[in-house]
Number of protein chains: 2
Amino acid sequence: MDTKNSVTLTPVQRLAHSELAGEIEFLTARMRSQGSTRANLLLAPLGLKVRSYSVLSLACSDLAPTQRELAEFLSLDPSQIVPLVDQLESRGLVERVTSPNDRRTKVIAGTPAGQDLYTQARKATGEAEEVSLKALSAAERETLRDLLTRIAFDA
Amino acid sequence: MDTKNSVTLTPVQRLAHSELAGEIEFLTARMRSQGSTRANLLLAPLGLKVRSYSVLSLACSDLAPTQRELAEFLSLDPSQIVPLVDQLESRGLVERVTSPNDRRTKVIAGTPAGQDLYTQARKATGEAEEVSLKALSAAERETLRDLLTRIAFDA
DNA sequence: TATTGTTATACTCTATAACTATA
DNA sequence: TATAGTTATAGAGTATAACAATA
């Protein structure tokens, strides 16, 4: 395989100097692939994935999101929210609360059991983030969070 | 809908203060969703998507990647590379060049037509990136690129 | 015996349209 | 007439295992 004169490089190291590797789109795709794989792995023992975790997180906030809001915020179609909420509701983690003002809209609210699970799940995603960002200093992590926030919401 | 006393907020603005919105994993997911949608849109007139564009880009570099290397670098399974290369090859954009050293491995090489199309496609992804990062200064963009590169490759 | 590329298959995710009940 | 949620369905993407050719 390797001769004495050839330096051993992994495919990733070898192609890391490509023009593609300099594109933000590619870098975020790679980061996201690694990050979500890791997060899903750490959430699996709790019966959650990144998607269901995101819904649970918002349901357990004090923002009382409707399904429509969840869909828009999570960049999902409203029809995709239905089975996510169904699953969490069947486990007693969230409830569909029909709005008194408009009986069409349903606010998704976390139950006490949901709050408990969310607390554990938040630790898991925190660990996943810690691993993902281990190459960065605390200051760099805050810089990254600021830049990503502006891209995600200022646009 | 809105009374005189309620400030009109989009769902995204309203939920942007959630704990979830502070998580890197969520921010990259959102950025990626927006970015790949935009890139796919700009690549569509050329008959490419982000995936096939990535393969074409590496094939047109001077790195002579094998299919195995493409799979690892693009975080895909080797079996997913096959139809991507098939499609590009059928359009005469890339060629499978059997390695003289090891007749199992096939290097994916861009043809002149592939190089031409890549030049156009690179402009399209450049425009997409420009739109994605429009909220950031030039210096901030370089900072972001540096941070993402370290996360994607130092890990 | 291990590796590259390939094929086949099933599973998840995503996108679209149509339906209901409310407004 | 328009909107929130739901259902149904098809398409794209993803993961897995097994296979042939080559090392």
Side-chain angles (χ1 to χ4, degrees), chain A residues 1-3 10-11 29-30 32-34 36-37 39-41 43-44 47-55 59 64-90 94-109, chain B residues 1-3 10-11 29-30 32-34 36-37 39-41 43-44 47-55 59 64-90 94-109:
Chain A
M1 286 292 167
D2 295 311
T3 71
T10 66
R30 190 174 165 80
R32 170 104 181 79
S33 170
Q34 295 174 160
S36 67
T37 298
N40 279 329
L41 211 67
L43 287 171
L48 295 172
K49 295 188 177 188
V50 170
R51 281 287 157 71
S52 45
Y53 165 77
S54 300
V55 171
T66 68
Q67 292 192 190
R68 189 60 59 158
E69 289 177 319
L70 290 174
E72 197 164 325
F73 193 63
L74 298 175
S75 309
L76 299 175
D77 191 86
S79 65
Q80 296 177 256
I81 300 293
V82 176
L84 285 170
V85 172
D86 284 349
Q87 183 197 350
L88 293 173
E89 194 178 38
S90 72
V94 305
E95 283 176 340
R96 284 178 163 95
V97 181
T98 302
S99 166
N101 309 328
D102 184 339
R103 297 214 311 267
R104 289 175 303 179
T105 74
K106 296 174 186 171
V107 167
I108 307 306
Chain B
M1 285 294 170
D2 296 311
T3 69
T10 66
R30 189 174 166 82
R32 171 104 180 79
S33 170
Q34 294 173 160
S36 67
T37 298
N40 280 329
L41 211 68
L43 287 171
L48 295 172
K49 295 188 177 188
V50 170
R51 280 289 157 71
S52 47
Y53 164 77
S54 299
V55 171
T66 68
Q67 290 191 193
R68 188 62 58 158
E69 290 177 319
L70 290 174
E72 196 163 323
F73 193 63
L74 298 175
S75 309
L76 298 176
D77 191 85
S79 65
Q80 296 177 259
I81 300 294
V82 176
L84 284 171
V85 173
D86 284 349
Q87 184 198 351
L88 293 173
E89 194 178 37
S90 73
V94 305
E95 283 175 339
R96 284 178 164 95
V97 181
T98 302
S99 165
N101 309 327
D102 184 339
R103 297 213 312 265
R104 288 174 305 181
T105 76
K106 296 174 185 171
V107 166
I108 307 305

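Chain A is the first sequence line, chain B the second, and so forth, proteins listed ahead of strands; every chain is numbered from 1.
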What pair of heavy atoms forms the shortest contact from [X] to [Y], and how long is it?
X	Y	value
A/Arg51	A/Leu84	CB-CD2, 3.9 Å
A/Gly47	A/Gln87	O-NE2, 4.1 Å
B/Val50	B/Ala39	CG2-CB, 3.8 Å
A/Ala64	A/Glu69	O-OE1, 4.1 Å
B/Ser75	A/Ser33	CB-OG, 3.7 Å

#### Entry: With A/Glu72 via salt bridge (charged side-chain N to carboxylate O under 4.0 Å, His left out) - residues at least two apart
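With sequence neighbours excluded, A/Glu72 shows a salt bridge (charged side-chain N to carboxylate O under 4.0 Å, His left out) to no residue whatsoever.
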
### Task
Assess whether side-chain contact (heavy atoms from CB on, under 4.5 Å) is satisfied between B/Val55 and B/Val94, documenting all intermediate values.
CA-CA 9 Å; B/Val55 171; B/Val94 305; 5.5 Å; no

### Task
Using the closest heavy atom to pick a nucleotide of DNA chain D for each, name whichever of A/Thr37 or A/Lys106 lands nearer the 5' end.
A/Lys106

#### Entry: Axis bend over the full length of the helix from C/dT1-D/dA23 to C/dA23-D/dT1, computed from five pairs that close each end, to 10 degrees
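Nearest ten degrees gives 0° for this helix.
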
### Query
DNA chain C: A/Arg51 or A/Pro100, which has the more 5' nearest nucleotide?
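Between the two, 5'-proximity favours A/Arg51.
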
What's touching nucleotides 18-22 of chain D from the protein side, N or O pairs under 3.5 Å?
residue	atom	partner	partner atom	Å
D/dT22	O2	B/Arg104	NH1	3.4

### Message
With a 6.0 Å cut-off (strictly less than), is the heavy-atom count around CD of B/Gln80, excluding the residue itself, greater than 12?
### Response
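Atom CD in B/Gln80 is packed in, count exceeds 12.
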
### A/Lys49 vs C/dC13: side-chain N/O to OP1/OP2 distance below 4.0 Å
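True: A/Lys49 side-chain N/O within range (under 4.0 Å) of C/dC13 OP1/OP2.
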
### Message
Applying side chain to side chain donor-acceptor pair (under 3.5 Å), can you list everything that pairs with B/Ser79, at least two apart in sequence or on another chain?
### Response
B/Asp77

### Message
Using the side chain to side chain donor-acceptor pair (under 3.5 Å) criterion, which residues pair with B/Arg96? Sequence neighbours excluded.
### Response
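B/Arg96: side chain to side chain donor-acceptor pair (under 3.5 Å) contacts with B/Gln67, B/Asp86, B/Glu89.
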
### Query
Got a sec? Which of residues 65-80 of chain A come in under 4.0 Å of DNA chain D, heavy atoms?
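The answer is A/Thr66, A/Gln67, A/Arg68, A/Pro78, A/Ser79.
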
To the nearest Å, how far apart are [X] [atom1] and [N] [atom2]?
X	N	atom1	atom2	result
B/Ile108	C/dT4	CD1	P	14 Å
B/Ile81	D/dA15	CD1	C1'	14 Å
B/Asn40	D/dG11	CG	P	18 Å
B/Leu84	C/dT7	CG	P	14 Å
B/Asn101	C/dG5	CG	P	13 Å

### Message
Using only atom types and a distance under 3.5 Å, with no angle test, would you say the side chain of B/Ser52 pairs donor to acceptor with the backbone of B/Leu48?
### Response
no

